[in-house]
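Heads up, the thing below is written out as structure tokens.
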Amino acid sequence: MLDLLKQPWHWSVAGVLIGLTVPFLYLIGNKPFGISSSFRHVCAACLPNNANYFNYDWKRETWNLFFVFGIALGGAIGTFVLANPEAIKIDAGVQQQLAAQGVTDFTEIVPADVFSWKGLFTVRGFVMIVVGGFLVGFGTRYAGGCTSGHSITGISNLQLSSLIATVCFMTGGFIMTWLLLPFILKL
Amino acid sequence: MQSIREEEGTNHQQQTENFSGNIKYILAGIFFGIVFVKAEIVSWFRIQEMFRLASFHMYGVIGTAVVVATISTFLIKKFKIKTIQGEEVIFSERPLDKGNIIGGLLFGFGWALTGACPGPLYGLLGSGFAVFVVAILSAVAGTYAYGLLREKLPH
């Protein structure tokens with residue numbers, strides 16, 4: 001059983017479990033599943049806020065910070081307790097494309113040559129980590145949600161805005177991957 | 001059926017919760033973080049395979065999650081299932097505006113760069129990729145910038 005849990009999980013298992021998070025959070029505390037709002041709560045709690053956007057009772061929203069803290073703990077358990085004994089299997093074609101564009105390390109779940117402290121202090125690493133992170137924070141709040149809040153919770157509640165946002169998330173990802181990333185990876 | 005705009009906060013419970021009440025969200029997060037790592041949703045390579053149309057994996061994960069969540073939401077509405085505290089479930093309305101498009105595209109750029117949406121950013125930090133603390137702080141900075149510029153941006 002433990003061996004089975006240590007293998008990478010099938011998409012259908014992950015999809016069902018993630019989907020069930022939505023009713024689970026509704027029923028344990030009347031909470032809509034969403035993650036990017038945690039960034040807003042951190043701003044409201046920790047940064048000087050003269051903007052209306054941060055002027056709300058963030059203490060009522062601490063559940064979301066507990067939730068994301070749990071995600072980090074779960075990440076640790078998944079990585080260290082249920083460690084996959086084998087290296088990640090990457091699609092051969094994608095690996096070839098990425099190698100041609102300048103990615104050299106395919107041994108971990110993220111390219112360690114980019115996503116490391118050493119990588120951070122390169123132009124490439126700075127763009128992918130700092131600029132990328134900034135766009136995630138700016139874009140999700142501008143759009144009103146992220147993959148969890150819009151694509152899963154919003155669409156499951158039949159919100160048109162969530163469907164439109166999801167199409168734009170994917171479009172933005174395709175534009176970045178196909179048009180810009182090849183240049184960024186060579187920086 | 002009650003609904004509320006997402007803007008106004010995501011805690012729809014009338015009763016207040018203390019620290020021990022919040023423990024259940026840590027447990028939910030732990031469960032969720034394990035799924036993220038074990039299904040390799042936190043992997044930059046899986047996200048690249050998705051955007052390069054080289055693998056069905058991420059489409060399968062998100063598609064299945066949407067179907068399961070939609071059926072569950074429908075059932076909660078239809079049978080008026082109450083929360084464990086006995087309250088009526090309140091659903092978020094998400095306003096339709098230009099932000100869905102412009103913000104959506106910007107998030108898409110960030111998603112392909114970092115290989116992570118907000119959940120996996122936290123999951124990766126827990127997985128021992130400490131440098132993702134910089135990505136999370138950058139995301140907080142991005143959110144802060146949005147908050148300050150909000151009145152001037154098209155919505």
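Here is how names work: the chains are called A, B, and so on, in the same order as the sequence lines, proteins then strands, and each is numbered from 1.
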With a 4.5 angstrom heavy-atom cut-off, could you sort out which part of [X] is near chain B: side chain, backbone, both or neither?
| X | result |
| --- | --- |
| A:Asp57 | neither |
| A:Thr140 | both |
| A:Phe80 | side chain |
| A:Phe24 | side chain |
| A:Ile90 | both |
| A:Gln95 | neither |
| A:Ala83 | backbone |
| A:Leu65 | neither |

Note, [X] side chain near [Y] side chain (heavy atom, < 4.5 Å):
| X | Y | answer |
| --- | --- | --- |
| B:Lys24 | A:Phe66 | no |
| B:Pro118 | A:Phe39 | yes |
| A:Phe54 | A:Leu47 | no |
| B:Cys117 | A:Val136 | no |
| B:Gln48 | A:Thr177 | yes |
| B:Ser43 | B:Phe36 | no |

Report which part of [X] has an atom under 4.5 Å of a heavy atom belonging to chain A: side chain, backbone, both, or neither.
| X | value |
| --- | --- |
| B:Phe109 | both |
| B:Phe32 | side chain |
| B:Ala116 | backbone |
| B:Leu75 | neither |
| B:Phe74 | neither |
| B:Lys98 | neither |
| B:Ile71 | neither |
| B:Met50 | both |
| B:Leu121 | side chain |
| B:Phe129 | side chain |
| B:Leu124 | side chain |
| B:Val37 | side chain |
| B:Ile76 | side chain |

task: Check whether the ring centres of B:His12 and B:Phe91 lie less than 6.0 Å apart, and answer yes or no.
output: no
task: Compute the centroid of each ring, for A:Phe126 and then for A:Phe121, and state whether the two points are separated by less than 6.0 Å.
output: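 So the answer is no for these two rings.
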field: Member of A:Lys31, A:Lys59, A:Glu61 meeting the side-chain hydrogen bond (donor to acceptor under 3.5 Å, both in side chains) criterion with B:Asn11
entry: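 Exactly one pass, corresponding to A:Lys31.
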task: Could you tell me whether B:Glu49 and B:Arg52 have a side-chain N and a carboxylate O separated by less than 4.0 Å?
output: no
SB check A:Asp113 A:Arg124 (cutoff 4.0 Å):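 Between A:Arg124 and A:Asp113 there is a salt bridge, with a charged N closer than 4.0 Å to a carboxylate O.
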Mind ranking [options] by heavy-atom pairs under 4.5 Å with chain B and telling me who comes out on top?
| options | result |
| --- | --- |
| A:Ala44, A:Gly29, A:Ala14, A:Ser12 | A:Gly29 |
| A:Cys43, A:Ser151, A:Ala51 | A:Cys43 |
| A:Ser148, A:Gly154, A:Pro8 | A:Pro8 |
| A:Asp91, A:Thr147, A:Leu135, A:Ile28 | A:Ile28 |
| A:Thr171, A:Leu82, A:Leu160 | A:Leu82 |
| A:Trp58, A:Trp178, A:Phe69 | A:Trp178 |

- prompt: Minimum heavy-atom separation for A:Phe67 to A:Leu25, with atom names?
  reply: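 Scanning both residues, the minimum pair turns out to be CZ-CD1, 4.1 Å.
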Is it true that the side chains of [X] and [Y] contain a donor and an acceptor less than 3.5 Å apart?
| X | Y | value |
| --- | --- | --- |
| A:Arg40 | B:Tyr144 | no |
| B:Ser55 | B:Arg46 | no |
| A:Asn84 | B:Lys38 | no |
| A:Ser156 | B:Thr70 | no |
| B:Tyr25 | B:Glu17 | yes |
| B:Gln15 | B:Glu87 | yes |

Pairs of heavy atoms under 4.5 Å with chain A: top-ranked of [options]:
| options | result |
| --- | --- |
| B:Val67, B:Ile81, B:Val131 | B:Val131 |
| B:Ala139, B:Ala135, B:Gly128 | B:Ala139 |
| B:Leu96, B:Val66, B:Ile136, B:Thr114 | B:Thr114 |
| B:Leu106, B:Thr83, B:Asn100, B:Val68 | B:Asn100 |
| B:Ser72, B:Ser127, B:Gly110, B:Gly60 | B:Ser127 |
| B:His155, B:Lys82, B:Glu151 | B:His155 |

task: Let me know which of A:Cys168, A:Ser161, A:Ser36 forms a side-chain contact (heavy atoms from CB on, under 4.5 Å) with A:His150.
output: A:Ser161
